[in-house]
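This report concerns only the one structure given below.
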Amino acid sequence: MDAIRIYGGNCLDGQTTIQGSKNASLPILAATLLIDGTCEIENCPDISDVYHMQRLLESLGCKVEREGTLVRVNTQGFSECDMPSDSVCVMRSSVMLVGALLARTGKICMEYPGGCVIGARPIDLHLRSLRQMGVTITESEDGFCAETTRLRGAVLRLPFVSVGATENLILAAVLAEGETVIESAAREPEIQALCDFLRCAGAKIEGAGTERLVIHGVERLNPTGYRVPADRIVAGTYLSACMCAGGHVFLKDAPVSHMESVLDYAVRMGAAISYEADGILVAGREHESACDTVVTGCYPEFPTDMQSLFMVVMALSGQAGRIEETVFENRFRIVPELCRMGADITVQGNVAHIGRSAGFHGAIVQAKELRGGAALVIAALAADGTSIVTNRHYIDRGYEDIVLNLRALGAKAELA
Ligand code: UD1
(Lines give C-alpha, C1' and ligand atoms only; values in the text may rest on other atoms or scores of the structure.)
Protein backbone atom coordinates (compact mmCIF):
# COMPACT_ATOMS: atom_id res chain seq x y z
CA MET A 1 0.00 0.00 0.00
CA ASP A 2 2.86 2.40 -0.66
CA ALA A 3 1.60 3.38 -4.10
CA ILE A 4 -1.06 5.43 -5.89
CA ARG A 5 -3.00 4.10 -8.88
CA ILE A 6 -4.26 6.78 -11.26
CA TYR A 7 -6.65 6.29 -14.17
CA GLY A 8 -5.65 9.17 -16.45
CA GLY A 9 -7.55 11.33 -18.86
CA ASN A 10 -10.14 13.05 -16.64
CA CYS A 11 -10.45 16.84 -16.43
CA LEU A 12 -10.47 18.34 -12.94
CA ASP A 13 -13.39 20.32 -11.65
CA GLY A 14 -14.11 21.63 -8.17
CA GLN A 15 -12.51 23.24 -5.15
CA THR A 16 -9.64 22.27 -2.87
CA THR A 17 -8.52 24.04 0.30
CA ILE A 18 -4.79 24.57 0.51
CA GLN A 19 -3.19 23.08 3.63
CA GLY A 20 -0.81 24.93 5.94
CA SER A 21 2.79 25.31 4.84
CA LYS A 22 5.19 22.46 5.60
CA ASN A 23 8.27 24.62 5.31
CA ALA A 24 6.81 27.24 7.67
CA SER A 25 5.46 24.75 10.24
CA LEU A 26 8.74 22.89 10.71
CA PRO A 27 11.00 25.75 11.88
CA ILE A 28 8.13 27.23 13.92
CA LEU A 29 7.70 23.93 15.75
CA ALA A 30 11.46 23.86 16.35
CA ALA A 31 11.22 27.43 17.64
CA THR A 32 8.78 26.42 20.39
CA LEU A 33 11.82 24.90 22.14
CA LEU A 34 13.00 28.45 22.84
CA ILE A 35 9.86 29.19 24.85
CA ASP A 36 8.96 27.97 28.35
CA GLY A 37 5.29 26.97 28.44
CA THR A 38 2.67 26.13 25.83
CA CYS A 39 2.50 27.45 22.26
CA GLU A 40 -0.45 26.82 19.99
CA ILE A 41 0.37 26.48 16.30
CA GLU A 42 -2.71 26.52 14.08
CA ASN A 43 -3.01 25.30 10.50
CA CYS A 44 -0.17 22.79 10.88
CA PRO A 45 -0.47 20.26 8.04
CA ASP A 46 -0.99 16.63 9.00
CA ILE A 47 1.93 15.23 7.00
CA SER A 48 4.76 12.89 7.89
CA ASP A 49 7.47 15.59 8.10
CA VAL A 50 5.43 17.44 10.73
CA TYR A 51 4.80 14.14 12.52
CA HIS A 52 8.57 13.52 12.65
CA MET A 53 9.16 17.00 14.06
CA GLN A 54 6.49 16.34 16.69
CA ARG A 55 8.29 13.09 17.60
CA LEU A 56 11.61 14.89 17.89
CA LEU A 57 10.07 17.43 20.27
CA GLU A 58 8.49 14.62 22.31
CA SER A 59 11.81 12.81 22.53
CA LEU A 60 13.18 16.00 24.12
CA GLY A 61 10.52 15.82 26.84
CA CYS A 62 7.97 18.22 25.31
CA LYS A 63 4.28 17.39 25.43
CA VAL A 64 2.84 17.61 21.92
CA GLU A 65 -0.88 17.32 21.17
CA ARG A 66 -2.70 17.61 17.86
CA GLU A 67 -6.37 18.59 17.57
CA GLY A 68 -7.26 18.82 13.89
CA THR A 69 -4.79 21.28 12.44
CA LEU A 70 -3.85 22.76 15.84
CA VAL A 71 -0.59 21.53 17.35
CA ARG A 72 0.01 22.42 20.98
CA VAL A 73 3.58 22.18 22.27
CA ASN A 74 4.28 22.36 25.99
CA THR A 75 8.02 22.54 26.63
CA GLN A 76 7.88 22.45 30.44
CA GLY A 77 9.02 18.83 30.66
CA PHE A 78 12.03 19.55 28.42
CA SER A 79 15.07 17.45 29.21
CA GLU A 80 18.19 16.73 27.23
CA CYS A 81 18.18 13.27 25.75
CA ASP A 82 18.88 11.44 22.53
CA MET A 83 16.71 12.28 19.57
CA PRO A 84 15.31 9.33 17.59
CA SER A 85 17.82 8.93 14.79
CA ASP A 86 15.19 7.66 12.33
CA SER A 87 13.42 11.05 12.51
CA VAL A 88 16.70 12.97 12.28
CA CYS A 89 17.77 10.93 9.28
CA VAL A 90 14.57 11.22 7.24
CA MET A 91 14.10 14.92 7.64
CA ARG A 92 16.50 17.72 6.89
CA SER A 93 14.58 20.16 9.07
CA SER A 94 15.85 18.34 12.14
CA VAL A 95 18.90 20.57 11.64
CA MET A 96 16.64 23.42 12.79
CA LEU A 97 16.84 21.98 16.28
CA VAL A 98 20.55 22.81 16.43
CA GLY A 99 20.08 26.58 16.76
CA ALA A 100 17.13 26.16 19.12
CA LEU A 101 18.83 23.57 21.34
CA LEU A 102 22.07 25.53 21.56
CA ALA A 103 20.01 28.50 22.74
CA ARG A 104 18.16 26.34 25.24
CA THR A 105 20.87 24.03 26.64
CA GLY A 106 24.19 25.08 25.09
CA LYS A 107 24.86 21.57 23.81
CA ILE A 108 23.70 19.22 21.07
CA CYS A 109 25.07 16.09 19.43
CA MET A 110 23.28 14.76 16.37
CA GLU A 111 23.64 12.72 13.23
CA TYR A 112 23.76 14.62 9.96
CA PRO A 113 20.16 15.31 8.95
CA GLY A 114 18.47 13.69 5.97
CA GLY A 115 15.66 14.90 3.71
CA CYS A 116 14.99 14.48 0.05
CA VAL A 117 17.89 13.24 -2.05
CA ILE A 118 18.04 16.26 -4.32
CA GLY A 119 21.67 17.19 -4.01
CA ALA A 120 24.55 17.14 -1.55
CA ARG A 121 22.69 19.37 0.93
CA PRO A 122 25.59 19.98 3.31
CA ILE A 123 25.20 22.07 6.46
CA ASP A 124 28.55 23.83 6.33
CA LEU A 125 26.96 27.31 6.28
CA HIS A 126 24.97 26.53 9.42
CA LEU A 127 28.01 25.25 11.30
CA ARG A 128 30.39 27.97 10.12
CA SER A 129 28.06 30.75 11.27
CA LEU A 130 27.32 29.04 14.58
CA ARG A 131 31.08 28.93 15.21
CA GLN A 132 31.12 32.71 14.71
CA MET A 133 28.45 32.91 17.42
CA GLY A 134 30.74 31.24 19.95
CA VAL A 135 29.91 27.57 19.38
CA THR A 136 32.58 24.86 19.42
CA ILE A 137 31.79 22.13 16.93
CA THR A 138 33.42 18.73 16.57
CA GLU A 139 32.51 16.82 13.45
CA SER A 140 32.79 13.09 12.79
CA GLU A 141 31.85 10.95 9.83
CA ASP A 142 28.19 10.49 10.88
CA GLY A 143 27.42 13.64 12.79
CA PHE A 144 28.65 16.42 15.02
CA CYS A 145 28.62 17.78 18.58
CA ALA A 146 28.15 21.51 19.19
CA GLU A 147 28.67 23.26 22.50
CA THR A 148 28.65 26.80 23.87
CA THR A 149 28.59 28.52 27.23
CA ARG A 150 26.54 31.41 25.76
CA LEU A 151 25.57 32.21 22.19
CA ARG A 152 26.95 35.62 21.16
CA GLY A 153 25.60 37.95 18.51
CA ALA A 154 27.82 38.35 15.43
CA VAL A 155 27.83 39.71 11.90
CA LEU A 156 27.15 36.64 9.72
CA ARG A 157 27.75 36.97 5.97
CA LEU A 158 26.34 33.95 4.17
CA PRO A 159 28.35 33.34 0.97
CA PHE A 160 25.11 32.32 -0.79
CA VAL A 161 21.46 32.20 0.15
CA SER A 162 20.28 29.26 2.26
CA VAL A 163 16.78 28.98 3.67
CA GLY A 164 17.71 26.44 6.33
CA ALA A 165 20.86 28.29 7.48
CA THR A 166 18.94 31.58 7.73
CA GLU A 167 16.26 29.90 9.88
CA ASN A 168 18.75 28.12 12.08
CA LEU A 169 20.72 31.30 12.71
CA ILE A 170 17.56 33.24 13.54
CA LEU A 171 16.73 30.57 16.13
CA ALA A 172 20.24 30.77 17.56
CA ALA A 173 20.21 34.58 17.64
CA VAL A 174 16.89 35.50 19.25
CA LEU A 175 18.10 34.64 22.77
CA ALA A 176 21.82 35.31 22.13
CA GLU A 177 23.81 38.00 23.88
CA GLY A 178 23.80 41.23 21.84
CA GLU A 179 23.03 41.89 18.20
CA THR A 180 23.23 39.46 15.28
CA VAL A 181 23.23 40.64 11.69
CA ILE A 182 22.56 38.10 8.94
CA GLU A 183 23.68 39.36 5.53
CA SER A 184 22.44 37.57 2.36
CA ALA A 185 19.56 36.12 4.35
CA ALA A 186 16.93 34.10 2.49
CA ARG A 187 13.70 36.02 1.85
CA GLU A 188 11.28 33.11 1.49
CA PRO A 189 7.79 33.66 2.98
CA GLU A 190 8.53 30.82 5.41
CA ILE A 191 11.33 32.92 6.93
CA GLN A 192 8.89 35.77 7.30
CA ALA A 193 6.46 33.37 9.05
CA LEU A 194 9.16 32.19 11.46
CA CYS A 195 10.05 35.82 12.28
CA ASP A 196 6.37 36.70 12.76
CA PHE A 197 5.92 33.80 15.18
CA LEU A 198 9.06 34.72 17.14
CA ARG A 199 8.03 38.38 17.25
CA CYS A 200 4.65 37.34 18.68
CA ALA A 201 6.67 35.58 21.39
CA GLY A 202 8.67 38.75 22.12
CA ALA A 203 11.73 38.43 19.85
CA LYS A 204 13.28 41.57 18.37
CA ILE A 205 13.85 41.01 14.67
CA GLU A 206 14.15 43.68 11.98
CA GLY A 207 14.25 43.20 8.22
CA ALA A 208 12.18 39.99 7.92
CA GLY A 209 11.58 39.36 4.22
CA THR A 210 14.72 41.29 3.22
CA GLU A 211 18.27 40.08 2.69
CA ARG A 212 19.54 41.78 5.86
CA LEU A 213 18.18 40.65 9.19
CA VAL A 214 19.06 42.38 12.45
CA ILE A 215 18.23 40.46 15.61
CA HIS A 216 18.57 41.94 19.09
CA GLY A 217 18.88 39.11 21.61
CA VAL A 218 16.26 39.18 24.39
CA GLU A 219 16.35 37.52 27.83
CA ARG A 220 13.27 35.37 27.31
CA LEU A 221 10.41 34.58 24.95
CA ASN A 222 6.81 34.06 26.02
CA PRO A 223 4.24 31.41 25.07
CA THR A 224 2.14 32.48 22.12
CA GLY A 225 -0.20 31.28 19.39
CA TYR A 226 0.32 31.54 15.64
CA ARG A 227 -1.49 30.55 12.44
CA VAL A 228 0.75 29.04 9.78
CA PRO A 229 0.18 30.47 6.27
CA ALA A 230 -1.05 28.26 3.44
CA ASP A 231 1.47 26.20 1.49
CA ARG A 232 2.48 27.95 -1.74
CA ILE A 233 4.03 24.76 -3.16
CA VAL A 234 0.92 22.68 -2.50
CA ALA A 235 -1.17 25.42 -4.16
CA GLY A 236 1.27 25.31 -7.08
CA THR A 237 0.89 21.53 -7.24
CA TYR A 238 -2.90 21.68 -7.71
CA LEU A 239 -2.43 24.56 -10.15
CA SER A 240 -0.07 22.32 -12.17
CA ALA A 241 -2.55 19.44 -11.92
CA CYS A 242 -5.25 21.62 -13.47
CA MET A 243 -2.89 22.82 -16.20
CA CYS A 244 -1.98 19.22 -17.11
CA ALA A 245 -5.36 17.51 -16.77
CA GLY A 246 -7.44 20.50 -17.92
CA GLY A 247 -10.60 21.80 -16.26
CA HIS A 248 -11.38 24.42 -13.61
CA VAL A 249 -10.16 24.33 -10.02
CA PHE A 250 -10.68 26.83 -7.22
CA LEU A 251 -7.66 26.91 -4.89
CA LYS A 252 -9.18 28.12 -1.64
CA ASP A 253 -6.78 30.00 0.64
CA ALA A 254 -3.98 29.88 -1.96
CA PRO A 255 -1.30 32.31 -0.71
CA VAL A 256 -1.41 34.47 -3.84
CA SER A 257 1.07 37.08 -2.64
CA HIS A 258 3.70 34.32 -2.19
CA MET A 259 3.11 32.85 -5.64
CA GLU A 260 3.82 35.74 -7.99
CA SER A 261 6.48 34.06 -10.08
CA VAL A 262 4.63 30.72 -10.29
CA LEU A 263 1.39 32.42 -11.34
CA ASP A 264 3.25 34.51 -13.87
CA TYR A 265 4.82 31.40 -15.48
CA ALA A 266 1.47 29.57 -15.31
CA VAL A 267 -0.29 32.30 -17.28
CA ARG A 268 2.52 32.41 -19.85
CA MET A 269 2.18 28.63 -20.19
CA GLY A 270 -1.52 28.70 -20.96
CA ALA A 271 -3.51 28.92 -17.70
CA ALA A 272 -6.15 31.56 -17.01
CA ILE A 273 -6.25 32.76 -13.39
CA SER A 274 -9.05 34.74 -11.73
CA TYR A 275 -8.32 36.29 -8.37
CA GLU A 276 -11.01 36.16 -5.70
CA ALA A 277 -11.04 37.27 -2.08
CA ASP A 278 -10.44 33.78 -0.66
CA GLY A 279 -8.37 32.14 -3.36
CA ILE A 280 -7.82 31.74 -7.09
CA LEU A 281 -9.77 30.09 -9.84
CA VAL A 282 -7.56 28.28 -12.33
CA ALA A 283 -8.64 27.32 -15.82
CA GLY A 284 -6.02 24.99 -17.28
CA ARG A 285 -5.03 24.86 -20.97
CA GLU A 286 -6.78 28.10 -21.98
CA HIS A 287 -4.29 29.12 -24.67
CA GLU A 288 -0.98 27.99 -26.19
CA SER A 289 2.15 28.27 -24.12
CA ALA A 290 4.24 31.36 -24.79
CA CYS A 291 7.08 30.36 -22.48
CA ASP A 292 9.95 28.06 -23.35
CA THR A 293 12.33 28.60 -20.44
CA VAL A 294 12.03 28.23 -16.68
CA VAL A 295 14.92 29.18 -14.38
CA THR A 296 14.72 28.35 -10.68
CA GLY A 297 16.10 30.67 -8.02
CA CYS A 298 15.75 31.96 -4.49
CA TYR A 299 12.51 33.74 -3.56
CA PRO A 300 10.99 35.74 -5.17
CA GLU A 301 12.24 33.86 -8.24
CA PHE A 302 10.67 30.61 -9.47
CA PRO A 303 10.92 28.05 -6.62
CA THR A 304 13.04 24.95 -7.09
CA ASP A 305 10.28 23.02 -5.27
CA MET A 306 7.96 23.72 -8.24
CA GLN A 307 10.50 22.72 -10.88
CA SER A 308 9.53 19.08 -11.45
CA LEU A 309 5.83 20.01 -11.44
CA PHE A 310 6.37 22.58 -14.17
CA MET A 311 8.55 20.12 -16.05
CA VAL A 312 5.39 18.04 -16.46
CA VAL A 313 3.40 21.13 -17.49
CA MET A 314 6.06 22.02 -20.08
CA ALA A 315 6.37 18.48 -21.38
CA LEU A 316 2.62 18.41 -22.03
CA SER A 317 2.47 21.89 -23.57
CA GLY A 318 3.14 20.59 -27.06
CA GLN A 319 6.19 22.84 -27.38
CA ALA A 320 9.89 22.40 -26.75
CA GLY A 321 11.47 24.14 -23.78
CA ARG A 322 14.23 24.12 -21.20
CA ILE A 323 14.47 24.24 -17.42
CA GLU A 324 17.55 25.55 -15.66
CA GLU A 325 17.94 24.40 -12.05
CA THR A 326 20.19 26.76 -10.09
CA VAL A 327 19.53 25.69 -6.48
CA PHE A 328 19.99 21.92 -6.13
CA GLU A 329 22.35 19.92 -8.32
CA ASN A 330 20.40 16.65 -8.30
CA ARG A 331 16.85 17.71 -8.92
CA PHE A 332 16.17 16.00 -12.23
CA ARG A 333 15.62 12.51 -10.80
CA ILE A 334 12.09 12.48 -12.21
CA VAL A 335 13.34 12.62 -15.83
CA PRO A 336 13.78 8.86 -16.53
CA GLU A 337 10.35 8.20 -15.01
CA LEU A 338 8.68 10.87 -17.17
CA CYS A 339 10.44 9.47 -20.24
CA ARG A 340 8.86 6.10 -19.46
CA MET A 341 5.49 7.85 -19.71
CA GLY A 342 6.34 9.26 -23.12
CA ALA A 343 8.19 12.50 -22.36
CA ASP A 344 11.21 13.48 -24.42
CA ILE A 345 13.62 15.07 -21.91
CA THR A 346 17.41 15.09 -21.84
CA VAL A 347 19.57 16.50 -19.09
CA GLN A 348 22.86 18.35 -19.58
CA GLY A 349 24.35 19.49 -16.29
CA ASN A 350 21.81 21.71 -14.60
CA VAL A 351 19.64 22.13 -17.70
CA ALA A 352 16.79 19.85 -18.78
CA HIS A 353 15.85 20.08 -22.46
CA ILE A 354 12.21 19.23 -23.02
CA GLY A 355 11.19 18.06 -26.49
CA ARG A 356 7.71 18.07 -28.01
CA SER A 357 5.74 15.09 -26.81
CA ALA A 358 2.59 13.57 -28.26
CA GLY A 359 1.21 13.15 -24.74
CA PHE A 360 1.86 10.69 -21.92
CA HIS A 361 0.78 7.08 -21.55
CA GLY A 362 0.21 5.19 -18.32
CA ALA A 363 3.20 3.43 -16.72
CA ILE A 364 4.53 2.15 -13.40
CA VAL A 365 6.84 4.88 -12.16
CA GLN A 366 8.81 5.39 -9.00
CA ALA A 367 8.72 8.48 -6.77
CA LYS A 368 12.28 9.24 -5.66
CA GLU A 369 11.65 12.39 -3.65
CA LEU A 370 8.76 14.55 -2.45
CA ARG A 371 8.02 17.07 -5.21
CA GLY A 372 9.14 14.76 -8.00
CA GLY A 373 6.69 12.17 -6.62
CA ALA A 374 3.81 14.67 -6.70
CA ALA A 375 4.83 15.62 -10.25
CA LEU A 376 4.51 11.97 -11.34
CA VAL A 377 0.98 11.88 -9.94
CA ILE A 378 0.15 15.00 -11.96
CA ALA A 379 1.70 13.45 -15.07
CA ALA A 380 -0.43 10.34 -14.54
CA LEU A 381 -3.62 12.44 -14.37
CA ALA A 382 -2.96 13.62 -17.91
CA ALA A 383 -1.74 10.26 -19.26
CA ASP A 384 -3.72 7.84 -21.39
CA GLY A 385 -4.48 4.71 -19.39
CA THR A 386 -3.54 3.62 -15.90
CA SER A 387 -0.38 4.55 -13.99
CA ILE A 388 1.01 3.45 -10.66
CA VAL A 389 3.28 5.79 -8.73
CA THR A 390 5.27 3.79 -6.16
CA ASN A 391 7.01 5.08 -3.00
CA ARG A 392 4.00 7.09 -1.89
CA HIS A 393 5.74 7.74 1.45
CA TYR A 394 7.83 10.44 -0.23
CA ILE A 395 4.66 12.25 -1.29
CA ASP A 396 3.14 11.85 2.20
CA ARG A 397 6.06 13.89 3.56
CA GLY A 398 4.47 17.03 2.19
CA TYR A 399 0.87 16.43 1.06
CA GLU A 400 -2.21 15.84 3.18
CA ASP A 401 -4.45 13.29 1.43
CA ILE A 402 -3.38 13.98 -2.15
CA VAL A 403 -5.51 11.06 -3.37
CA LEU A 404 -8.62 12.22 -1.53
CA ASN A 405 -8.16 15.80 -2.73
CA LEU A 406 -7.69 14.79 -6.35
CA ARG A 407 -10.73 12.51 -6.18
CA ALA A 408 -12.77 15.43 -4.84
CA LEU A 409 -11.70 17.28 -7.99
CA GLY A 410 -12.95 14.47 -10.21
CA ALA A 411 -9.71 12.56 -10.75
CA LYS A 412 -9.82 8.78 -10.67
CA ALA A 413 -7.14 7.79 -8.17
CA GLU A 414 -6.80 5.31 -5.32
CA LEU A 415 -4.24 3.92 -2.90
CA ALA A 416 -2.57 0.80 -4.27
C1 UD1 B 1 14.67 24.61 2.01
C2 UD1 B 1 13.31 23.95 1.82
C3 UD1 B 1 13.25 23.21 0.50
C4 UD1 B 1 13.62 24.14 -0.64
C5 UD1 B 1 14.94 24.86 -0.37
C6 UD1 B 1 15.28 25.93 -1.40
C7 UD1 B 1 12.55 23.45 4.05
C8 UD1 B 1 12.24 22.41 5.07
N9 UD1 B 1 13.09 23.02 2.91
O10 UD1 B 1 15.63 23.56 2.02
O11 UD1 B 1 11.93 22.72 0.33
O12 UD1 B 1 13.77 23.39 -1.82
O13 UD1 B 1 14.90 25.50 0.93
O14 UD1 B 1 14.24 26.83 -1.49
O15 UD1 B 1 12.29 24.61 4.25
N16 UD1 B 1 23.74 24.57 1.02
C17 UD1 B 1 25.07 24.38 1.28
N18 UD1 B 1 25.49 24.46 2.58
C19 UD1 B 1 24.64 24.71 3.61
C20 UD1 B 1 23.26 24.93 3.32
C21 UD1 B 1 22.85 24.85 2.01
O22 UD1 B 1 25.88 24.16 0.37
O23 UD1 B 1 25.08 24.76 4.77
C24 UD1 B 1 23.26 24.51 -0.39
C25 UD1 B 1 22.31 23.35 -0.65
O26 UD1 B 1 23.01 22.15 -0.90
C27 UD1 B 1 21.52 23.86 -1.82
C28 UD1 B 1 21.44 25.37 -1.57
O29 UD1 B 1 22.48 25.66 -0.66
O30 UD1 B 1 22.21 23.62 -3.01
C31 UD1 B 1 20.13 25.87 -1.01
O32 UD1 B 1 19.81 25.11 0.14
P33 UD1 B 1 18.88 25.66 1.30
O34 UD1 B 1 18.29 26.96 0.90
O35 UD1 B 1 19.67 25.59 2.56
O36 UD1 B 1 17.75 24.56 1.32
P37 UD1 B 1 17.10 23.86 2.57
O38 UD1 B 1 17.01 24.82 3.70
O39 UD1 B 1 17.73 22.54 2.78
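Fair warning: this is a prediction, and the values are worked out from it, not measured in the lab. Hydrogens, waters and symmetry mates are skipped; everything else that's a heavy atom, side chains included, is used. Numbers for residues simply follow the sequence, beginning at 1. Counting convention: from 1, in listed order, for ligands and their atoms alike.
- At least one donor-acceptor pair under 3.5 Å links the side chain of Asn168 to the backbone N or O of Val95.
- Contacts between His126 and ligand 1, counted as non-hydrogen atom pairs separated by less than 4.0 Å, involve both the backbone and the side chain.
- When only interatomic distances are considered, the shortest N/O to N/O separation between Phe160 and ligand 1 does not fall below 3.5 Å.
- The residues Arg331 and Asp305 are annotated as salt-bridged, a charged nitrogen and a carboxylate oxygen being separated by less than 4.0 angstrom.
- Applying the 4.0 Å criterion to heavy atoms of Gly164 picks out, from ligand 1, the atoms 35 (O), 38 (O).
- For ligand 1, the atoms closer than 4.0 angstrom to any heavy atom of Arg331 are 12 (O).
- When non-hydrogen atoms are compared, ligand 1 lies under 4.0 Å from neither the backbone nor the side chain of Arg128.
- Between the side chains of Tyr399 and Arg371, at least one donor N or O lies within less than 3.5 Å of an accepting N or O.
- Near Pro122, with a cut-off below 4.0 Å to any heavy atom, the atoms of ligand 1 are 17 (C), 18 (N), 19 (C), 20 (C), 21 (C), 22 (O), 23 (O), 26 (O).
- Screening residues 169-200 for disulfide bond (SG atoms under 2.5 Å apart), with sequence neighbours left out, gives no hits.
- For the residue pair Glu301 and Thr296, no side-chain donor N or O sits within less than 3.5 Å of a side-chain acceptor on the partner.
- Between the side chains of Glu139 and Tyr112, at least one donor N or O sits under 3.5 Å from an acceptor N or O.
- Within ligand 1, counting atoms from 1 as listed, the ones closer than 4.0 Å to a heavy atom of Thr304 are 6 (C), 12 (O), 14 (O).
- Close N/O approach between Val327 and ligand 1 is found [any backbone or side-chain N/O within under 3.5 Å].
- What you find for Ala411 and Leu12 is that their closest heavy atoms are CB-CD2, 3.8 Å.
- Taking only nitrogen or oxygen atoms, main chain and side chain alike, Lys22 does not reach within less than 3.5 Å of ligand 1.
- No donor-acceptor pair under 3.5 Å is formed between the side chain of Glu324 and the backbone N or O of Thr326.
- For ligand 1, the atoms lying closer than 4.0 Å to a non-hydrogen atom of Leu125 are 18 (N), 19 (C), 23 (O).
- Relative orientation of the Tyr265 and Phe310 rings is perpendicular, given thresholds of 30° and 60° on the angle between their planes.
- Residue Asp124 has at least one nitrogen or oxygen atom sitting less than 3.5 Å from a nitrogen or oxygen atom of ligand 1, judged on distance alone.
- The contact set between ligand 1 and Ile123, taken as ligand atoms under 4.0 Å from a residue heavy atom, comprises 19 (C), 23 (O).
- Residue contact check: Asp305 has heavy atoms under 4.0 Å from atoms 3 (C), 4 (C), 11 (O), 12 (O) of ligand 1.
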